[in-house]
Amino acid sequence: MTVQTPTPFPGNSQTSPSQPDKVVFDRHELGAIMGLYGRMVAAGEWRDYGLSFLRDLAVFSVFRRTAEHPLYRIEKRPKLRGKQGMYAVIGMDGQILKRGADLKTVLRIFDRKLIRPVD
């Protein structure tokens, strides 16, 4: 009987273990984003979201309706960690509304949208 070594998966040999093949949000980041998303849905501002995990960035897109362009994009770019901060909130027109190293600080830009006068 001959013992054969297992055949590795095709994708594993191309990437090194120190360099992931795509950027993702971790559990704490998604918890902060989904907490904000839940509050904005309850306020009637947002209705849908989409996630994109690419090689150099992760994107959480927020929509009022599914078929439209996103109202806001929350991006994570680890390469900008030492420069401008790896988190950014980008508006519908592509303008960077807030950028920083701490996600909760960056997400505070939406707090003023939740404050409304009581009728």
Counterpart residues, side chain to side chain contact (heavy atoms under 4.5 Å, CB included), relative to Val106 (two or more places apart) | Tyr87, Val89, Lys98
For Arg47, enumerate each residue passing the side chain to side chain contact (heavy atoms under 4.5 Å, CB included) test, keeping only those at least two apart in sequence or located in another chain.
-> none
List in chain and number order the residues that pass salt bridge (Lys or Arg N to Asp or Glu O under 4.0 Å) with Arg99, two or more places apart in sequence or in another chain; answer none if no residue qualifies.
-> none
Are [X] and [Y] connected in the hydrophobic side-chain network, where two residues link if heavy atoms are under 4.5 Å apart?
X      : Y     : answer
Tyr72  : Phe53 : yes
Ile109 : Val59 : no
Val62  : Val41 : yes

Distance from [X] atom [atom1] to [Y] atom [atom2], nearest 0.5 Å?
X      : Y      : atom1 : atom2 : value
Ile96  : Gln84  : CD1   : CD    : 7.0 Å
Arg108 : Leu103 : CZ    : CG    : 11.0 Å
Leu36  : Lys104 : CG    : NZ    : 12.0 Å
Glu45  : Tyr37  : CD    : OH    : 12.5 Å
Phe60  : Glu75  : CZ    : CD    : 13.0 Å
Ile74  : Phe110 : CD1   : CZ    : 5.0 Å

For [X], check side chain to side chain donor-acceptor pair (under 3.5 Å) against everything at least two apart and list the hits.
X      : answer
Tyr49  : none
Asp102 : Thr105
Lys76  : Glu29

If every non-hydrogen atom of [X] is compared with every non-hydrogen atom of [Y], which pair is closest and at what distance?
X     : Y     : result
Leu51 : Leu30 : CD2-CD2, 4.5 Å
Pro70 : Phe63 : N-CE2, 3.5 Å
Ser61 : Arg73 : OG-CG, 3.9 Å

Given the rule in the side-chain contact (heavy atoms from CB on, under 4.5 Å) test, do Leu54 and Arg77 qualify, once you have shown the distances and angles that lead to the verdict?
-> CA-CA 10 Å; Leu54 305 171; Arg77 293 180 184 258; over 6 Å; no
